[in-house]
*Asks:* 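Handing you a structure now.
Proteins come first, then strands; the chains are lettered A, B, ... in the order of their sequence lines, and each starts at number 1.
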Amino acid sequence: MALKIEKIDDCRWRIIKEGAMRTEGLIFASEQLMETLRHEQALEQVRNVATLPGIVGPSIAMPDIHWGYGFPIGGVAAFDPDEGIVSPGGVGYDINCGVRLLRSALNVEEVRPHLKNLADTLFRNVPAGIGSKRRDLKLTIAQERQVLQQGARWAVEHGFGNEEDLRHIEEGGVIPGADPDLISERALERGRAQLGTLGSGNHFLEVQRVDQIGDEKAAEALGLYPGQVTVTIHTGSRGFGYQVCDDYLRLMLRASQKYGIELPDRQLCCAPLSSPEGRQYLAAMACAANFAFANRQLITSWVRESFEQVFGKNAAELRLSVIYDVCHNIAKMETHQVAGRTRRLCVHRKGATRAFPPGHPETPEAYRHVGQPVLIPGDMGRYSYVLVGTQGAFEETFGSTCHGAGRMLSRHAAKKRARGHNIVAELAEQGIIIRAAGRATVAEEIPEAYKDVMDVVNVVQQAGIGKIVARLRPMAVIKG
DNA sequence: ATGTCC
């Protein structure tokens with residue numbers, strides 16, 4: 001059935017409510033981005049999400065939306081705790097995939113002469129690639145269970161980082177209510193040697209330089225200035241989160257039947273938030289989210305160590321501090337204002353980033369006057385963006401915004417496009433050093449496979465659901 | 001995204 005789509009304004013479109021839809025769809029896109037989306041399955045997925053029980057407000061799509069498992073990637077949907085549901089497909093396989101940004105006291109001129117050495121050292125110290133493991137940190141199951149409950153705090157308490165880091169992570173780096181008893185043996189076994197590894201696909205570790213400032217006041221609050229060197233870590237919960245998602249999809253298929261939930265697509269399988277199955281998923285999901293927070297915290301520690309080795313400077317001189325760490329694949333109970341009423345809601349963000357406004361109590365004190373930092377990676381050839389959350393996002397999108405450039409070519413199409421090209425050499429000509437575990441991953445990740453992230457963040461800023469603070473250019477990229 | 005199918 002063809003979707004009925006109408007233009008609201010220069011950056012908003014509505015999927016008109018009809019049939020089994022309980023609410024309308026709201027798409028953030030420019031005219032130009034909408035042209036690329038119009039025939040995408042992803043928009044049907046926005047419509048499908050709108051049929052789910054207890055949805056509050058519209059089924060939302062960000063400008064970087066693309067097709068995902070059940071729910072679109074780049075989607076936001078909020079559900080009432082009594083009438084609504086929670087769905088693993090609304091979070092994604094990589095639970096708490098997220099981005100962490102570190103600033104440094106180094107500038108581009110100081111780093112450039114050591115860049116090759118830095119890339120090699122980072123590549124050696126942070127395992128990358130599918131199935132990558134750390135032989136030096138293989139946890140016992142008992143230790144792993146602690147990680148699942150304590151998240152980034154576990155890493156800090158074991159000598160990897162400091163209390164200051166924890167204050168600059170969404171939720172302080174630990175989601176409450178995690179219950180390791182709800183995790184399968186298989187998930188525990190897969191996760192055991194993967195803590196502190198980067199993974200594959202679009203995950204990366206990048207040394208960058210601050211290229212442009214969009215908002216002086218916010219940049220100053222975040223400690224960013226032109227020519228400064230930063231580091232971005234983009235990874236999630238690895239095979240652990242994948243296995244948790246897989247395990248719970250099975251449970252949710254049964255639960256959907258048990259509670260008589262009609263699904264336009266089996267991949268939307270879910271359970272009422274008020275049911276034992278719904279609560280179990282949230283408690284298991286919290287374990288995977290905490291695994292990912294610990295993962296990014298450990299990698300941060302090895303990034304610091306790598307810089308110390310390469311530059312022969314100590315931590316106090318390098319000042320590699322965490323600006324922020326934010327999730328873009330998660331479902332969380334949050335407090336929002338809906339039609340003038342304060343409500344607790346379960347907000348699913350799948351390929352969407354929390355973007356809380358200035359003054360929000362959950363924004364770290366150092367940033368409270370400017371808004372919560374929002375980290376938007378682009379492709380490895382162009383740039384990434386730092387934004388802050390806005391009141392507009394809080395009112396219109398449950399405090400959410402986009403999460404990246406958005407894939408334009410499938411992985412298969414990207415590999416075809418990359419044929420006959422030496423991507424690593426071509427990027428080296430532009431002064432960007434790539435160190436990758438596998439050639440295939442680099443081909444899948446060619447810059448042309450992605451939309452220009454600038455187009456995406458411009459829509460977000462124009463719509464008022466995010467404010468651009470700075471643009472970051474890649475210098476060295478570690479890939480899976 | 002993912003020991004890319006236990």
*Asks:* I need the NE2-P distance between A/H203 and B/dT4, as an integer number of Å.
*Replies:*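 Interatomic distance, NE2 of A/H203 to P of B/dT4: 16 Å.
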
*Asks:* Rounded to whole angstroms, how far apart are CG on A/N295 and C1' on B/dT2?
*Replies:*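 For the pair A/N295 CG and B/dT2 C1', the rounded distance is 14 Å.
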
*Asks:* Please report the distance, rounded to the nearest Å, between CZ in A/R250 and C1' in B/dC5.
*Replies:*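 These atoms are roughly 11 Å apart.
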
*Asks:* Between C1' on B/dC6 and CD on A/E185, what's the gap in Å once rounded to a whole number?
*Replies:*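 It is 16 Å, rounded to the nearest whole Å.
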
*Asks:* Contact class for A/S237 (heavy atom, under 4.0 Å): base, sugar-phosphate, or nothing?
*Replies:*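 Answer is nothing: A/S237 stays at 4.0 Å or more from every strand.
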
*Asks:* Applying side chain to side chain donor-acceptor pair (under 3.5 Å), which residue pairs with at least one partner in residues 91-103 of chain A are found, sequence neighbours left out?
*Replies:*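 For residues 91-103 of chain A, and leaving out neighbouring residues, the side chain to side chain donor-acceptor pair (under 3.5 Å) pairs sorted by first residue read A/Y93-A/D246, A/D94-A/H203, A/D94-A/S237, A/N96-A/R296, A/R100-A/Q297, A/R100-A/T300, A/R100-A/D325, A/R103-A/S321.
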
*Asks:* Shortest non-hydrogen contact from A/V156 to A/G161?
*Replies:*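 Result for this residue pair: CG1-O, 3.8 Å.
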
*Asks:* With sugar-phosphate meaning primed atoms plus P, OP1 and OP2, does A/G92 contact a base, only sugar-phosphate, or nothing at under 4.0 Å between heavy atoms?
*Replies:*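 Answer is nothing: A/G92 stays at 4.0 Å or more from every strand.
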
*Asks:* For A/K479, does the NZ atom have more than 12 heavy-atom neighbours from other residues, nucleotides or ligands under 6.0 Å away?
*Replies:*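 Count over threshold, so yes.
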
*Asks:* Output a table of donor-acceptor pairs, distance under 3.5 Å, between side-chain atoms of residues 65-79 of chain A and any protein atom two or more places apart or on a different chain; print 'none' if there are none.
*Replies:*
none

*Asks:* What is the distance, to the nearest angstrom, from the CZ atom on A/R238 to the P atom on B/dT4?
*Replies:*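 Those two atoms, CZ and P, are 12 Å apart.
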
*Asks:* Touch check for A/R192, heavy atoms < 4.0 angstrom, all strands: base, sugar-phosphate only, or nothing?
*Replies:*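 Since no nucleic acid heavy atom lies under 4.0 Å of A/R192, the category is nothing.
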
*Asks:* Over how many whole Å does the gap from A/Y93 atom OH to B/dT2 atom P extend?
*Replies:*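 Distance, rounded to whole Å: 13 Å.
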
*Asks:* Would you kindly give the CG-to-P distance between A/D246 and B/dT4, to the nearest whole Å?
*Replies:*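 Atom-to-atom, A/D246 to B/dT4, this comes out as 12 Å.
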
*Asks:* Would you mind reading off the distance between A/Q243 atom CD and B/dT4 atom P, rounded to a whole angstrom?
*Replies:*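 So the two atoms are 11 Å apart, to the nearest Å.
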
